[in-house]
Amino acid sequence: LASVSAMGRGLSSLPAWRSSVAEDWRRLQFAPEHVRGDRRTVLLAVKQDGEALEFAAKELKADVSLVKCAVQKSGRAIRFAEVKDPEVVLEAVRQDWRAIFFVEDASREAHLAAVSGCWKALEVVAPTEDSELALVAVSQSAEALR
C-alpha cells in the first residue's frame with residue numbers, strides 16, 4: 001500500500017479520488033478529510049467492503065443509510081459506526097453474529113440473531129431470563145451450558 005500512498009499524493013480533485021476509490025476501497029484511508037467526508041466516495045468504498053467505514057468522516061459514520069450499506073457487506077463494520085440504530089444493529093448481527101460484540105444495549109431480536117449465528121455469542125448475550133436464547137444455544141452445542 002505504500003505505492004497507493006504515493007499515488008494518493010498525486011490526486012487533487014474529488015472526481016480523481018472517486019475514481020481511485022472505485023478501483024480499490026483501501027485508497028480511502030489515504031484520502032484527505034474532504035474526500036472522507038464525501039458521501040458518494042465513501043459509498044463507493046463501503047459497497048466494496050463495509051470495513052471502509054473506518055476511514056469515513058465522523059459525520060458519515062452517523063449516517064444510518066450509509067452504515068446500513070456497510071454492515072450489509074461486513075457486519076463487524078458496526079464497530080466504526082457512530083450510530084447504533086436497532087434496525088442497523090440487527091442487520092449487522094444477521095450478516096455476522098460477531099457484530100454483537102461491538103454493540104451495547106442490543107435488542108432481544110439482535111441477541112437471538114447472534115445466538116442463532118453461533119452459541120458463542122452467549123459471551124455477551126446473557127440468557128438469564130430468556131430460555132429461548134439458551135435453547136437456541138444448547139441446540140448448537142452442549143458447551144453452551146458452561
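Since the model is a prediction, treat every value here as computed from it, not as a measurement.
- A donor-acceptor pair under 3.5 Å links the side-chain atoms of S116 to the main chain of L112, judged by distance alone.
- At least one donor-acceptor pair under 3.5 Å links the side chain of K61 to the backbone N or O of E54.
- Residue S65 comes nearest to R39 through the heavy atom pair OG-NH2, 2.6 Å, listed as atom of the first residue, atom of the second, then distance.
- Residues D38 and L14 have side chains in contact (heavy-atom distance under 4.5 Å, counting atoms from C-beta outward).
- The line from CD1 of I78 to CG of D96 is 11.5 Å long, rounded to the nearest 0.5 Å.
- In the model, T41 has no side-chain atom that pairs as donor or acceptor with a side-chain atom of R27 under 3.5 Å.
- Residues V89 and A110 share a closest heavy-atom pair of CG1-CB, 4.1 Å.
- Closest approach of L53 to A77, counting heavy atoms only: CD2-O, 3.7 Å.
- Taking CG of D49 as the start and CZ of R26 as the end, the distance is 9.0 Å to the nearest 0.5 Å.
- To the nearest 0.5 Å, the span separating CD on E51 from CZ on R76 amounts to 6.5 Å.
- Using a cutoff of 4.0 Å between basic side-chain nitrogens and carboxylate oxygens, K68 and E87 are scored as salt-bridged.
- Residue L90 is not grouped with residue V83 when hydrophobic side chains (ILVMFWY) are merged at heavy-atom distances under 4.5 angstrom, including chains of intermediate members.
- Annotation: the span from H111 atom NE2 to L122 atom CG amounts to 10.5 Å, rounded to 0.5 Å.
- Formation of a donor-acceptor pair under 3.5 Å by the Q48 side chain with backbone atoms of V21 is found in this model.
- A92 and V71 make their closest contact through CB-CB, 3.7 Å (heavy atoms, listed as atom of the first residue, atom of the second, distance).
- Here the straight-line distance linking atom CZ of R94 with atom CD of Q72 works out to 11.5 Å at 0.5 Å rounding.
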Working note: D85 + V67, criterion side chain to side chain contact (heavy atoms under 4.5 Å, CB included); need CA distance, chi angles, decisive distance, verdict. CA-CA 9 Å; D85 178 83; V67 171; over 6 Å; no
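- The residues E59 and R36 are annotated as not salt-bridged, no charged nitrogen and carboxylate oxygen being separated by less than 4.0 angstrom.
- A salt bridge does not link E123 with R98: none of the charged nitrogens is closer than 4.0 Å to a carboxylate oxygen.
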Working note: E33 + K58, criterion salt bridge (charged side-chain N to carboxylate O under 4.0 Å, His left out); need CA distance, chi angles, decisive distance, verdict. CA-CA 10 Å; E33 193 61 31; K58 187 173 182 165; over 6 Å; no
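- Taking both residues in full, the closest heavy atoms of A52 and L28 are given as O-CD2, 3.8 Å, listed atom of the first, atom of the second, then distance.
- Heavy-atom contacts from other residues, nucleotides or ligands closer than 6.0 Å to NZ of K47 number 12 or fewer.
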Set out, in order, the CA-CA distance, both residues' side-chain angles and the distance that settles side chain to side chain contact (heavy atoms under 4.5 Å, CB included) for R18 and L44, then state yes or no. CA-CA 8 Å; R18 277 192 192 134; L44 286 169; 4.2 Å; yes
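- When every heavy atom of L43 is checked against every heavy atom of C69, the shortest pair comes out as CD1-SG, 3.8 Å.
- The distance from the CG atom of D63 to the CD atom of E82 is 12.0 Å, given to the nearest 0.5 Å.
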